[in-house]
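Note that the coordinates shown come from a computational prediction; the quantities given were computed from them, not determined experimentally. Naming convention: chains lettered A, B, ... in sequence-line order (proteins, then strands); numbering from 1 in each chain.
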Number of protein chains: 2
Amino acid sequence: MTKPATAPRRSDATKAAILVAARERFAADGYERATIRAIARDANIDPSMVMRYYGNKEGLFVAASAIDLRLPQLGALPGKHVGSVLVAHFLDRWENDDVLTAMLRVGVTNEAGAERMRAVFAEQIGAVTAGVCPVPAEAPHRAALVAAQILGMALTRYVLRFGPAVEMPRDEVIAWLAPTVQRYLTAETP
Amino acid sequence: MTKPATAPRRSDATKAAILVAARERFAADGYERATIRAIARDANIDPSMVMRYYGNKEGLFVAASAIDLRLPQLGALPGKHVGSVLVAHFLDRWENDDVLTAMLRVGVTNEAGAERMRAVFAEQIGAVTAGVCPVPAEAPHRAALVAAQILGMALTRYVLRFGPAVEMPRDEVIAWLAPTVQRYLTAETP
DNA sequence: CTGGCATGTCAACGGTCGTTGGCCTACATT
DNA sequence: AATGTAGGCCAACGACCGTTGACATGCCAG
């Protein structure tokens, strides 16, 4: 039962190499400046291969930006530590997954990227907030506040690279942001 | 003494029109997709005029993105309201000045834009934090935290346009963010 | 009136991009 | 071994970009 339904094709490695290169380029350069030619060069293949396997540039971006935030199930955790767990989790994800930076860089100047980002955050963060915030109807609301704080730190630390935000040790970032996220999730509406 | 040293030239109106169009385009499209041709079309002139007056595209961006956050002097204000005053001020600025959105959109995919943004926030927010945070040496530190929260909200509300972040009334945004900013500015280090 | 400078238009250059179609090669099946 | 097909390369197209230089027009000083 572990065997795939279809035999692995020889081109699978090429497709995967294209995706890896695409993620790096989108993360580093954003949508416009990440050219198909550069991505193909990184993957050591011809640009026309990208078209064959992904149709066009937007199809490539869609394929390269499948995102799973891998948010933990917070329901069973001690309610008071939700903030720090979430912040720590996002720092890890951001430092180990080019896709998140790519999504952020692309979403800012590309409507399709922005739409993808809205969907990811609404679904995945929304699902978490729905489980922990006092009034379930406010979940999207709370999710937006959390997203603003998390994305703001990702922006300053990993994209814009403000000196102080980059140099701040991981523990310190968590110590400062955790109470904020905690409050956005669980506090009574002010 | 109110007269300028040089007589106003007839081209001043054109130069200004170019800047207005450039700010709108950079704010709406980011650096790459904001083409000189489109900016010139908006300003009802020939693209070569842009080159004549601003040298090249980067020169145009530099001229179009002179930023003054107009941060109030907080020293004389009641220390406890600093957070809400700052948040309210930034919401106003962001809703009434294309340059801020332009800076954000450009800074994410353009190194020169990022550098400009780092300078603006370090100088202007840093100056404010230096006046109100308990340990002056921590001012850049605190400024980075404030910037992360403010930029995160600007990103979700004005650029990515997350539904809940857009629909949240202004007062509510202030009520939620003010305590956060207040804490980043004045709390003891956690 | 006339010359010179500021203002603006027009056409084109070289370059890069996304994208396409034809051609070659190597493997798997028969 | 023959052959069909998937995988891959190459050259080119048309579009658009930033940028340039030649040329027309208006304005003002002499």
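On the nucleic acid side, DNA chain D has its first and last nucleotide under 4.0 Å of a heavy atom of chain A at D:dG7 to D:dA12, going 5' to 3'.
Listed for the A:E138 side chain is no donor-acceptor partner under 3.5 Å among the backbone atoms of A:T189.
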Determine, for nucleotides 21-30 of chain C in 5'-to-3' order, which nucleotides have protein heavy atoms under 4.0 Å from the base (write B), from only the sugar-phosphate (write S), or from neither (write -).
-> B---------
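In this structure, the salt bridge (charged side-chain N to carboxylate O under 4.0 Å, His left out) partners of A:R170, at least two apart in sequence or on a different chain, are A:D92. Among residues two or more places apart in sequence or in another chain, the ring-ring contact (aromatic ring centres under 6.0 Å, His included) test is passed with A:F26 by A:Y31, A:F61. Among residues two or more places apart in sequence or in another chain, the ring-ring contact (aromatic ring centres under 6.0 Å, His included) test is passed with B:F90 by none. Residues satisfying the salt bridge (charged side-chain N to carboxylate O under 4.0 Å, His left out) test with A:D46, not counting sequence neighbours, are none. Residues forming a salt bridge (charged side-chain N to carboxylate O under 4.0 Å, His left out) with A:E172 (at least two apart in sequence, or on another chain): none.
Using a 4.0 Å heavy-atom criterion, one finds that A:Y53 contacts the sugar-phosphate atoms exclusively.
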N/O donor-acceptor pairs under 3.5 Å from side chains in residues 143-150 of chain B, not counting sequence neighbours:
{"from": "B:Q149", "atom 1": "OE1", "to": "A:Y184", "atom 2": "OH", "distance (Å)": "2.8"}

Show which side-chain atoms of residues 152-165 of chain A pair as donor or acceptor with protein atoms under 3.5 Å away, not counting sequence neighbours.
{"from": "A:T156", "atom 1": "OG1", "to": "A:G152", "atom 2": "O", "distance (Å)": "3.1"}
{"from": "A:T156", "atom 1": "OG1", "to": "A:M153", "atom 2": "O", "distance (Å)": "3.2"}
{"from": "A:R157", "atom 1": "NH1", "to": "A:A165", "atom 2": "O", "distance (Å)": "2.9"}
{"from": "A:R157", "atom 1": "NH1", "to": "A:M168", "atom 2": "O", "distance (Å)": "2.8"}
{"from": "A:R157", "atom 1": "NH2", "to": "A:M168", "atom 2": "O", "distance (Å)": "3.4"}
{"from": "A:Y158", "atom 1": "OH", "to": "A:E95", "atom 2": "OE2", "distance (Å)": "2.6"}

Result block: side-chain N/O donor-acceptor pairs under 3.5 angstrom for residues 98-115 of chain B, not counting sequence neighbours:
{"from": "B:R105", "atom 1": "NE", "to": "A:V108", "atom 2": "O", "distance (Å)": "2.6"}
{"from": "B:R105", "atom 1": "NH1", "to": "B:A27", "atom 2": "O", "distance (Å)": "2.5"}
{"from": "B:N110", "atom 1": "OD1", "to": "B:A112", "atom 2": "N", "distance (Å)": "3.1"}
{"from": "B:N110", "atom 1": "OD1", "to": "B:G113", "atom 2": "N", "distance (Å)": "2.9"}
{"from": "B:E111", "atom 1": "OE2", "to": "B:R118", "atom 2": "NH2", "distance (Å)": "2.7"}
{"from": "B:E115", "atom 1": "OE1", "to": "B:R118", "atom 2": "NE", "distance (Å)": "3.2"}
{"from": "B:E115", "atom 1": "OE1", "to": "B:R118", "atom 2": "NH2", "distance (Å)": "2.9"}

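End-to-end axis angle for the helix from C:dC1-D:dG30 to C:dT30-D:dA1, using five pairs per end and rounding to 10°, comes out at 10°.
Within a heavy-atom distance below 4.0 Å of DNA chain C, the residues of residues 14-36 of chain B found are B:T14.
Shortest non-hydrogen contact noted between A:W176 and B:A187 is CH2-O, 4.1 Å.
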